[in-house]
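Chain letters run A, B, ... following the sequence lines, proteins first, then strands; residues in each count from 1. Bear in mind that the values here come from a model prediction, so they are computed numbers and not experimental data.
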Amino acid sequence: MSNRLKVELPGLSLKNPIMPASGCFGFGQEYANLYDLNKLGSIMIKAATLEKRRGNPTPRVAETSAGMLNAIGLQNPGLEHILQHELPWLEQFDLPIIANVAGTETADYVEVAKEISKAPNVHALELNISCPNVKCGGIQFGTDPQTAKELTAAVKAVSSVPVYVKLSPNVTSIVDIAKAVEEGGADGITMINTLVGMRLHEKTGKPVIANGTGGLSGPAIKPVAIRMVYEVSQAVNIPIIGMGGISNVDDVIDFLSAGASAVAVGTANFVDHFVCPTIIEQLPAKLDELGYDNITQVIGRSHR
Amino acid sequence: MSNRLKVELPGLSLKNPIMPASGCFGFGQEYANLYDLNKLGSIMIKAATLEKRRGNPTPRVAETSAGMLNAIGLQNPGLEHILQHELPWLEQFDLPIIANVAGTETADYVEVAKEISKAPNVHALELNISCPNVKCGGIQFGTDPQTAKELTAAVKAVSSVPVYVKLSPNVTSIVDIAKAVEEGGADGITMINTLVGMRLHEKTGKPVIANGTGGLSGPAIKPVAIRMVYEVSQAVNIPIIGMGGISNVDDVIDFLSAGASAVAVGTANFVDHFVCPTIIEQLPAKLDELGYDNITQVIGRSHR
Amino acid sequence: MIQQERMKVVRQKQIADDIFELTLIGQLTLEMKQPGQFVHIRVEDGYEPSLRRPISIAEIDHDAMQFKMIYRAGGKGTKILSTKKAGDEVDVLGPLGNGFPVEEAAPGETALLVGGGIGVPPLYELSKRLNECGIKTIHVLGFQAANNVFYENQFKELGDTYIVTADGSAGTKGFVTDLLAEKNPNFDLFYSCGPMPMLGALEKAYPEKKGFLSFEERMGCGIGACFACVCDTTDGDYKKVCSDGPVFPRGVVAL
Amino acid sequence: MIQQERMKVVRQKQIADDIFELTLIGQLTLEMKQPGQFVHIRVEDGYEPSLRRPISIAEIDHDAMQFKMIYRAGGKGTKILSTKKAGDEVDVLGPLGNGFPVEEAAPGETALLVGGGIGVPPLYELSKRLNECGIKTIHVLGFQAANNVFYENQFKELGDTYIVTADGSAGTKGFVTDLLAEKNPNFDLFYSCGPMPMLGALEKAYPEKKGFLSFEERMGCGIGACFACVCDTTDGDYKKVCSDGPVFPRGVVAL
Ligand SMILES: Cc1cc2nc3c(=O)[nH]c(=O)nc-3n(C[C@H](O)[C@H](O)[C@H](O)COP(=O)(O)OP(=O)(O)OC[C@H]3O[C@@H](n4cnc5c(N)ncnc54)[C@H](O)[C@@H]3O)c2cc1C
Ligand SMILES: Cc1cc2nc3c(=O)[nH]c(=O)nc-3n(C[C@H](O)[C@H](O)[C@H](O)COP(=O)(O)OP(=O)(O)OC[C@H]3O[C@@H](n4cnc5c(N)ncnc54)[C@H](O)[C@@H]3O)c2cc1C
Ligand SMILES: Cc1cc2nc3c(=O)[nH]c(=O)nc-3n(C[C@H](O)[C@H](O)[C@H](O)COP(=O)(O)O)c2cc1C
Ligand SMILES: Cc1cc2nc3c(=O)[nH]c(=O)nc-3n(C[C@H](O)[C@H](O)[C@H](O)COP(=O)(O)O)c2cc1C
Ligand code: FES
Ligand code: FES
């Protein structure tokens, strides 16, 4: 039964293609109080930076139509703490962890990637070149193909595990960035990060989020994400982990159809805290309904 | 009373800052059956191309979370017909018309702009360099600053009325494009056009819209639009007509606060066919509530 | 005139598998002129779902200011619609489009009415009007299976009625055109609403007859302003289904 | 354990201008341990609104498996919540966070409970628990105006209760701290929930007293996973309001 959901990706032998997206699931502890994390395919843990980061001032989130804005600002306890506490704690689960790596310059990224990729349960890195919520950090790597390629190559050179690069949708041509990171040696792509947006206070007209802008996520952005996965999957030969607005099993089928080999669920975890296990439970029946034996048969069917 | 809503823009003396967005209101005839078009500040009429255009195959629209996709493909009866029928029909109203101009190469744009700007009730052009739904047309002009600047200059040279350029949100830096069209001589900016998106059939995994991709509009994109208006209004010295997801009077206040001098309502006209007159009616009370005498006091208040 | 009104639900009734009959009351009813016109429904305030749903007018009662729709609760919007109860309000825009021309049939003539699935509802008001004008009606109604059949008795009261199902679980098995070929009924003109292939088959089966066909297309505005719902015409031009149609004389739309 | 449950509405009652009291029944109630914990509510299926709303637990009845919330229907989500009727279901995640430590007060001691606006509700269950443990309670409750006042009598049954309104239309005019300065009540420790400035003023007014403050912050997950709701602490570090709080001992959070 669970065999039908199995997906093999560089570094990642996934019992199913469903995982929480980075930043929406912390390091797993909180959701472990709600359900058995072993049900998941993987976990994309919260971004790790070299030093502990305090993140942005609050408010950090705001509601929008069928979505939300966030400007957490990569708050995290820092590489050392993650290596000593969060990752060892996660070892109790049979989970290949994907570690989200962030930084403000190449040296940071390289240092974090090198160290965190040595952790026994980290089976892949997710190189975050697309966080819109930190000044001089992340996103500029994700908007220029050459820079993206170079960073990918630098990280790839030191990583002990396959490297997936997380792309920003805030670009004129995401295909160009995708091709560049493939050339840089990326083993896979994760996409999309959030769209840069803003909400204003009704009364004052000032931004609701202290940071001004925030990253838009949730069902609102799904059509943009699907379009991008559809395009990128045709342009590169490395696998894609798709995300952006997934909140139910039909959304998962859409991303796989468009060409993703696995998917991540972000914002929906805040709305239905059991959304990941629920989707995993519903997948086999959905495969029956669509007439597929195996989840891998769904991957890329839009293009066939 | 109506004086409180008056806004003066290059070429456009608007009794209020509310107008339907191009493509969502045809040439006014249909909505004239529903209410008196004189209530509106202006109308942005459907894109005009040199020749009649048949547009894309159907289905051309698809529903998404808090939005919709469209790929009409600039269907319109062509310049001649618009000059001889649609614009003269609109002369019965006391309305400064904004004519949306589209094309596939510079010569088309120039020809349409030259002729349509001579029509007595066309008080401004909206140069559509951002339509995502036609092959080799529109959007490539809107994604490269230099091309955008040159096209703007070419159209500006022949137009008898002020030229507003409609920007695409599908770019890495909309500020760069905005600055370029300002340098090219644009009198104003209208923004944003739709985000490129896609929806897939649940059953087949194929795109629902015959064209494959479509333009995402509606409340879903409002946070992106607000962010872009907020940024562009700080970077240029020409006025902005803002749009993207406006469906009620609070949304209008948001766009004005962010820096737009007037706004256009698109998709919402399909959902509440009376949305424009309703908003116009509600604006004075909203000004009272916020403590402003005059709508112009709201413009750009986010930045004060 | 087209109106937008929050109409009150008088009654909601499930009449077959997934098929609901909804009766609404309000002023807007008085504007309804022709069978085959439709309304554009906002099933919920807000943007979930974000678009209106086009549904045909199935029966009009001007005296009571009520009208009926019959619809399949298949997707997101119609499923929400099916939860509305007596007393609830529904936002209706209508009446829209050009319906079936009753005046094209002369008293004493016989009209063949062919419906497929959710194309059946508008034929009911049409048949009532035709009969009122002294026109004989023959009804051929196609469904997927027995449990999808609705309004059989209502149509029977108005004229000969043949049920066809794809799986043969009710009436004749097959397509409506199979039954027509077999029965070869005598008629002067035909009216039809249903899936494209059915409309095409009908046009082909009766090349000499006057006929009127009702079309479906995805809609945005529903009033002719957005160009979402165009269809190609045989003369190389196009028509808008919402405002030029949904009913066209045979031969106009390229099938 | 935190649970997610579709709980049934037992009763919805408007108790002041825009203020509603909602009683829910379900298993989840049995997990509620401390006054001052909260629940995270999805007011509607779907994504309109898209986020849950954090609301304090105002009264717990383990025997009946029911609990009460008191909330202000101010924005989109809470307005929808206020339309729920007996029998409707509401999606509740909870209980969440760490509440007020009742055990910090010893029998015979006096506790001062200070609430502001929608910070008043969690103090009700707190006061009941304290009284059950033989602790005397004094309540100082601040509101905007007379028509926003709620639960005055309920609190009076539990101990001395002072109402303060910003406009003086009920009780004393001014801020809760004005009244406290005037009455100068005798107490051993204080508990408070309300707007930040009120919490800050309280800390300042009683530098020597043991106290516990409940904070508000915009939330995403509500369980500690997303870092949306952090607040700065006096030691230069940070805490998450949802899972480390919402109640903190005085002096922990930088005010
Ligand atoms: C003129 C006209 C008259 C109609 N009359 C009836 C009727 O009397 N009874 C009835 O049951 N159905 C009728 N339909 C079809 C009906 O509009 C669709 O079944 C309905 O819109 C589907 O909505 P949903 O919420 O169930 O599906 P969803 O899958 O949620 O719909 C998604 C989107 O696709 C559109 N859509 C889906 N199917 C169709 C379709 N077949 N035609 C047009 N748009 C569609 C929806 O309007 C919506 O915008 C008519 C269609 C048209 C154009
Ligand atoms: C731990 C905690 C306990 C609370 N207990 C109560 C209570 O018992 N009674 C009560 O009336 N209110 C309480 N609140 C405040 C309540 O959460 C907000 O009033 C409510 O979320 C506003 O939602 P809305 O739909 O009215 O407003 P909207 O304007 O639609 O809200 C938009 C977004 O902002 C958030 N938001 C708005 N105001 C607040 C706020 N003050 N705090 C946190 N998030 C906010 C909403 O949750 C939502 O995500 C509590 C808040 C917290 C953090
Ligand atoms: C609160 C929040 C925090 C996030 N933090 C991170 C992060 O640390 N690193 C990262 O790569 N993406 C982060 N993201 C982006 C998500 O991983 C995901 O790419 C995005 O939200 C789109 O998916 P969704 O629509 O399912 O949420 C965050 C998103 C949210 C909502
Ligand atoms: C059906 C449809 C057709 C459109 N056609 C045009 C067009 O011809 N020219 C143009 O510049 N924009 C066109 N647009 C874009 C709108 O003018 C507007 O920029 C966009 O929809 C965002 O606003 P909204 O969210 O209020 O719809 C169209 C949008 C829709 C939904
Ligand atoms: S639906 Fe807009 S033109 Fe027909
Ligand atoms: S709301 Fe997510 S950490 Fe507190």
Has [X] got more than 12 heavy atoms of other residues, nucleotides or ligands less than 6.0 Å from its [atom1]?
{"X": "A:D94", "atom1": "CG", "value": "no"}
{"X": "D:K8", "atom1": "NZ", "value": "no"}
{"X": "D:E104", "atom1": "CD", "value": "yes"}
{"X": "A:E51", "atom1": "CD", "value": "no"}
{"X": "A:E202", "atom1": "CD", "value": "no"}
{"X": "D:F175", "atom1": "CZ", "value": "no"}
{"X": "A:E281", "atom1": "CD", "value": "no"}
{"X": "D:R72", "atom1": "CZ", "value": "no"}

Check: Any idea which heavy atoms bring D:S50 and A:T64 closest together, and the distance?
Finding: OG-O, 3.3 Å

Notebook entry, point to check: So which heavy atom on D:M1 is nearest to which on A:N33, and how close?
Noted result: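 Looking at all heavy atoms of both residues, the closest pair is SD-O, 3.2 Å.
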
Margin query: Checking A:Q75 against D:V230 for the side chain to side chain contact (heavy atoms under 4.5 Å, CB included) test, could you report, in this order, the C-alpha distance in whole Å, the side-chain angles of both residues, the deciding distance, and whether it holds?
Written below: CA-CA 10 Å; A:Q75 175 154 19; D:V230 297; 3.5 Å; yes

Counting only heavy atoms closer than 4.5 Å, note whether [X] contacts chain D via side chain, backbone, both or neither.
{"X": "A:D272", "answer": "both"}
{"X": "A:A268", "answer": "both"}
{"X": "A:F274", "answer": "both"}

Margin query: Determine whether D:Y47 and A:S65 satisfy the following criterion, side chain to side chain contact (heavy atoms under 4.5 Å, CB included), listing intermediate values before the conclusion.
Written below: CA-CA 8 Å; D:Y47 276 81; A:S65 289; over 6 Å; no

Checklist line | Criterion side chain to side chain contact (heavy atoms under 4.5 Å, CB included) against D:F227, the qualifying member of A:I72, A:N70, A:N56 | finding: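 Going through A:I72, A:N70, A:N56 one by one, the side chain to side chain contact (heavy atoms under 4.5 Å, CB included) with D:F227 is satisfied by A:I72 alone.
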
Notebook entry, point to check: Is there a donor-acceptor contact under 3.5 Å from the side chain of A:E30 to the main chain of D:I223?
Noted result: no

Notebook entry, point to check: Distance-only, no hydrogens or angles: does the D:R52 side chain make a donor-acceptor pair with backbone N or O of A:V271 under 3.5 Å?
Noted result: yes

Notebook entry, point to check: Quick one: does D:C221's side chain get under 4.5 Å of A:Y31's, heavy atoms only?
Noted result: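 The answer is yes, as the side chains (C-beta and beyond) meet within the 4.5 Å cut-off.
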
Note to self: One pair to check against side chain to side chain contact (heavy atoms under 4.5 Å, CB included): A:F270 and D:H40. What are the steps and the verdict?
What the structure shows: CA-CA 10 Å; A:F270 305 159; D:H40 213 23; over 6 Å; no

Note to self: I'd like to know which of A:P219, A:C24, A:P59, A:G218 tops the heavy-atom pair count under 4.5 Å against chain D.
What the structure shows: A:P219

Margin query: Between A:E63 and D:R53, does any side-chain N to carboxylate O distance fall below 4.0 Å?
Written below: yes

Check: In terms of side-chain geometry, is the basic nitrogen of A:R54 or D:D232 positioned less than 4.0 Å from the acidic oxygen of its partner?
Finding: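 Yes.
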
Item checked: Side chain / backbone / both / neither for D:E217 at chain A, heavy atoms under 4.5 Å ->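 Only the side chain of D:E217 comes within 4.5 Å of chain A.
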
Check: So which part of D:L51 gets closer than 4.5 Å to some heavy atom of chain A, the side chain, the backbone, both or neither?
Finding: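 Both backbone and side chain of D:L51 come within 4.5 Å of chain A.
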
